[in-house]
Amino acid sequence: MVGDQVAIPGLGSAPGGSTSEASARAFGEENRARLLKRYFSSAEAVNPENAWRHVYRLLLWIDRTTGLAHCYESDKCQPGRPWYARSLAFHVWSAEALGVAPGELDKHIDYLFRHATADLAHVAARNRARLLDTVSGQRRPYEGMGLPEPGEDPELESIIAEVLDPFLAQRPSPAALRELAERIYAHVGLENKRKNLVGEGFEDTVSALLSRIPAIARTHTIHVRPLLHQVPGFRRPRANSKPRQVDLALVQGATGRRTLVSCKWSVRSDREEQFVSDFRDYAELEEAGEDFDYVLITNEFDPARLAAACEVRRQNSPLFSAVVHVNPAGPHAAYRAPVPARGKGIRRALGHIESGRLVGLDGWLRDVAGR
DNA sequence: CCAATGCTGAAACATACTAC
DNA sequence: GTAGTATGTTTCAGCATTGG
């Protein structure tokens with residue numbers, strides 16, 4: 001699976017010194033920053049038009065159950081279901097937009113996760129090595145009692161042995177089977193960890209893009225996950241209520257204009273509720289008596305959820321000053337397949353794309369840069 | 001049958017705390 | 001002060017259920 005330069009956890013990591021050491025927390029802030037820096041050091045210079053491609057190169061992934069670029073819940077994307085057609089369309093569209101063959105897309109996306117999981121493997125190997133002595137001490141009293149080895153899964157091992165039997169001159173050693181089983185578990189388990197990276201990784205990515213567009217970086221201060229009261233014009237909450245954090249905040253130097261950004265790779269209905277209550281809390285803590293912008297940046301593909309985000313209101317104006325999709329052409333391509341679908345939600349979502357209520361990352365970045 | 005909406009759970013990080 | 005551990009919080013996709 002993992003393509004480039006992944007040293008298999010063979011201990012004693014010394015990858016020619018070419019990479020700085022991965023931190024102890026593979027998905028942590030420090031390591032993400034390190035990976036982003038590395039990515040951008042050899043990537044095309046960022047501008048509003050290509051920003052979304054960087055987002056997909058860094059974060060988009062292949063759904064292993066379909067082999068296609070992930071755009072929706074996998075149970076609905078299974079072959080034969082309506083979203084399989086849409087996933088196919090999205091996969092082809094994104095490959096074309098990134099200038100690669102559909103069969104090669106997997107090698108050009110998912111940079112952060114692929115590299116972070118490689119680092120994770122190193123960290124795990126390091127920890128295992130470090131604890132080796134402790135482990136044998138723990139097992140010593142039970143030596144010779146035939147206790148199971150960690151990671152042993154006889155059932156899986158017999159499946160492997162059975163399937164491969166016709167091709168093998170001899171049955172693999174128990175140790176080999178056990179290692180294979182362990183590697184399979186590690187591989188399968190990886191996918192469960194993805195959401196731990198995608199959340200803050202998306203915030204980091206958007207921030208990295210903003211800071212690499214000179215017209216924005218020159219004129220704005222960018223805060224990543226600041227406490228609200230670290231943003232000018234917001235006050236500290238009462239001592240007994242906990243401090244509020246914002247995904248991202250932009251402050252324009254010249255005017256003091258403030259933009260609070262909520263970055264959500266995808267959205268669920270309960271989160272939609274949260275948008276409103278978050279905003280209420282923000283407004284409550286505003287002390288400058290000035291308006292502020294509240295922006296949602298997302299890669300959600302569900303038309304109803306997208307439309308809902310565009311339509312949420314607070315009193316008599318839209319909750320979000322702008323609703324930004326990584327690239328609305330993606331959902332647009334998906335909704336058309338195999339024939340222009342037209343459910344109620346899709347209609348609504350398309351309407352918002354056409355009206356400009358739902359904008360692309362490119363348009364929003366141009367807007368910020370042009371302020 | 002599909003869309004829409006609601007709910008749940010795995011996993012990780014960050015930090016406060018504890019014991020040495 | 002340091003290392004290890006418990007707690008709290010956050011993330012988002014998958015799954016379940018309701019609605020049309």
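This is a predicted model, so every value here is computed, not measured. So that the names make sense, note that chain A is the first sequence line, chain B the second, and so on, each numbered from 1. All values below come from the heavy atoms of this structure, side chains included, with hydrogens, waters and symmetry mates left out.
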Charged N to carboxylate O below 4.0 Å: is that the case for [X] and [Y]?
X      : Y      : value
A:D106 : A:R114 : no
A:R244 : A:D278 : yes
A:R357 : A:E311 : no

Please state how far atom [atom1] in [X] lies from atom [atom2] in [N], giving the value in whole angstrom units.
X      : N      : atom1 : atom2 : value
A:F27  : B:dA12 : CZ    : C1'   : 8 Å
A:L60  : C:dC12 : CG    : P     : 15 Å
A:K344 : C:dG20 : NZ    : P     : 9 Å
A:R225 : B:dA14 : CZ    : C1'   : 12 Å
A:Y185 : B:dA11 : OH    : C1'   : 18 Å
A:N196 : B:dA14 : CG    : P     : 11 Å
A:L197 : C:dT10 : CG    : P     : 18 Å
A:W83  : B:dC2  : CH2   : P     : 14 Å

Measure all distances between protein nitrogen or oxygen atoms and nitrogen or oxygen atoms of nucleotides 14-19 of chain C, and list the pairs falling under 3.5 Å.
| residue | atom | partner | partner atom | Å |
| --- | --- | --- | --- | --- |
| C:dG14 | OP1 | A:S74 | OG | 3.4 |
| C:dG14 | OP2 | A:S74 | N | 3.0 |
| C:dG14 | N7 | A:R268 | NH2 | 3.3 |
| C:dG14 | O6 | A:R268 | NE | 2.8 |
| C:dC15 | N4 | A:E73 | OE1 | 2.9 |

Among A:W265, A:W83, A:F90, find the residue that satisfies the ring-ring contact (aromatic ring centres under 6.0 Å, His included) test when tested with A:F301.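 Filter result, single survivor: A:F90.
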Return whichever of A:L120 or A:E273 has its heavy-atom-nearest nucleotide of DNA chain B closer to the 5' end.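 Final value for this comparison: A:E273.
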Report the C-alpha distance between A:F40 and A:V46 in whole Å, list the side-chain angles of each, state the deciding distance to 0.1 Å, and finish with yes or no for side chain to side chain contact (heavy atoms under 4.5 Å, CB included). CA-CA 9 Å; A:F40 281 111; A:V46 179; 3.6 Å; yes
Please determine if a side-chain N or O atom of [X] lies less than 4.0 Å away from the OP1 or OP2 oxygen of [N].
X      : N      : result
A:S269 : B:dG6  : yes
A:N192 : B:dA11 : yes
A:K193 : B:dA12 : yes

Assess A:R258 against A:F292: is NZ or CZ under 6.0 Å from the centre of the six-membered ring, and within 45 degrees of the ring's axis?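 Not satisfied by the 6.0 Å and 45° rule.
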In terms of the nearest nucleotide of DNA chain C, which residue is placed more toward the 5' end: A:Q245 or A:V267?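 Nearer the 5' end of the strand: A:Q245.
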Taking A:E286 for its side chain and A:G289 for its backbone only, find out whether a donor-acceptor pair lies under 3.5 Å.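 Yes.
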NA contact type, A:E29, heavy-atom cut-off 4.0 Å: base, sugar-phosphate, or nothing?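 The residue A:E29 makes sugar-phosphate contact but no base contact.
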